[in-house]
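First comes the structure, then the notes that go with it.
Computed from heavy atoms alone, side chains included, the values below leave out hydrogens, waters and symmetry copies.
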Amino acid sequence: MALGLVMLGVGCASGPEQVESPVVERAREMMRARKSRQGNLLLRCEPADADVYLDGVLQGMCTDFGGGPSGLQVGTGLHRIDVKKDGYWPYTTYYEPSSARAGLTIRLKPME
């Protein structure tokens with residue numbers, strides 16, 4: 001039985017920072033734009049313990065996103081934000097992030 005030896009060489013001629021072409025530059029621009037379109041939304045609510053939903057998924061209470069190191073992290077594109085609490089009318093808005101940090105103050109109205 002004869003065994004053959006196969007050699008495979010894998011390598012990279014240059015690092016990504018050394019590659020220059022119009023296609024690579026356009027890809028870099030798109031990556032920078034994509035990162036900058038994510039948002040950080042600071043929320044202040046009355047009542048403060050109202051629930052916050054992002055695109056229909058519970059994210060936490062409003063107090064979780066009132067500041068500190070960060071607010072509600074929102075990805076690219078248009079998103080639906082709902083704030084709800086039993087005994088109050090729900091609040092709904094839509095938000096499309098930019099590179100800036102945004103703030104939203106919400107006062108839920110009691111159902112009477």
Next item on the list: With sequence neighbours excluded, give me every salt bridge (Lys or Arg N to Asp or Glu O under 4.0 Å) pair touching residues 76-91.
Entry: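 Every pair satisfying salt bridge (Lys or Arg N to Asp or Glu O under 4.0 Å) with a residue in residues 76-91: Asp49-Lys85, Arg80-Asp82.
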Item checked: Where at least one partner belongs to residues 57-67, residue pairs that pass salt bridge (Lys or Arg N to Asp or Glu O under 4.0 Å), sequence neighbours excluded ->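 Applying salt bridge (Lys or Arg N to Asp or Glu O under 4.0 Å) to every pair that reaches into residues 57-67, excluding sequence neighbours, yields nothing.
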Margin query: Under the rule for side chain to side chain donor-acceptor pair (under 3.5 Å), what residues qualify as partners of Asp55, not counting sequence neighbours?
Written below: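 In terms of side chain to side chain donor-acceptor pair (under 3.5 Å), with neighbours along the sequence ignored, Asp55 is linked to His79.
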Item checked: Criterion side chain to side chain contact (heavy atoms under 4.5 Å, CB included) on Met61 and Val52, from CA distance to verdict -> CA-CA 6 Å; Met61 290 192 310; Val52 177; over 6 Å; no
Next item on the list: Using modelled atom types only, decide if a donor and an acceptor are shared between the side chain of Glu96 and the backbone of Tyr94 within a distance under 3.5 Å.
Entry: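 No, the answer is negative, given that no donor and acceptor are paired below the 3.5 Å cut-off.
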Next item on the list: Only counting residues at least two apart or in another chain, list the ones meeting side chain to side chain contact (heavy atoms under 4.5 Å, CB included) with Ala102.
Entry: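 Once residues adjacent in sequence are excluded, the partners of Ala102 under the side chain to side chain contact (heavy atoms under 4.5 Å, CB included) criterion are Leu41, Tyr95.
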Margin query: Among residues at least two apart in sequence or on other chains, which ones pass side chain to side chain contact (heavy atoms under 4.5 Å, CB included) with Pro22?
Written below: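 Side chain to side chain contact (heavy atoms under 4.5 Å, CB included) check on Pro22 returns nothing, list empty.
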What pair of heavy atoms forms the shortest contact from [X] to [Y], and how long is it?
X	Y	value
Cys62	Ala48	CB-O, 3.4 Å
Val83	Ala50	CG1-CB, 3.6 Å
Pro97	Gly77	CD-O, 3.1 Å
Tyr91	Leu104	OH-CD1, 4.1 Å

Notebook entry, point to check: Which hydrophobic side chains are connected to Met111, either touching it within the sub-4.5 Å cutoff or through other members that do?
Noted result: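 Hydrophobic cluster check, Met111: joined to Trp89.
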Notebook entry, point to check: Mind checking whether Phe65 and Leu54 have side chains closer than 4.5 Å, heavy atoms only?
Noted result: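 Side chain of Phe65 against side chain of Leu54, heavy atoms only: no contact under 4.5 Å found.
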Note to self: Under the criterion side chain to side chain contact (heavy atoms under 4.5 Å, CB included), I'd like the reasoning laid out for Glu46 against Leu108: C-alpha separation, chi angles, the key distance, then a yes or no.
What the structure shows: CA-CA 6 Å; Glu46 290 180 18; Leu108 299 181; over 6 Å; no
Next item on the list: Supply the atom-to-atom distance Ile81 CD1 to Leu72 CG, rounded to the nearest 0.5 angstrom.
Entry: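 Here the interatomic distance stands at 5.5 Å.
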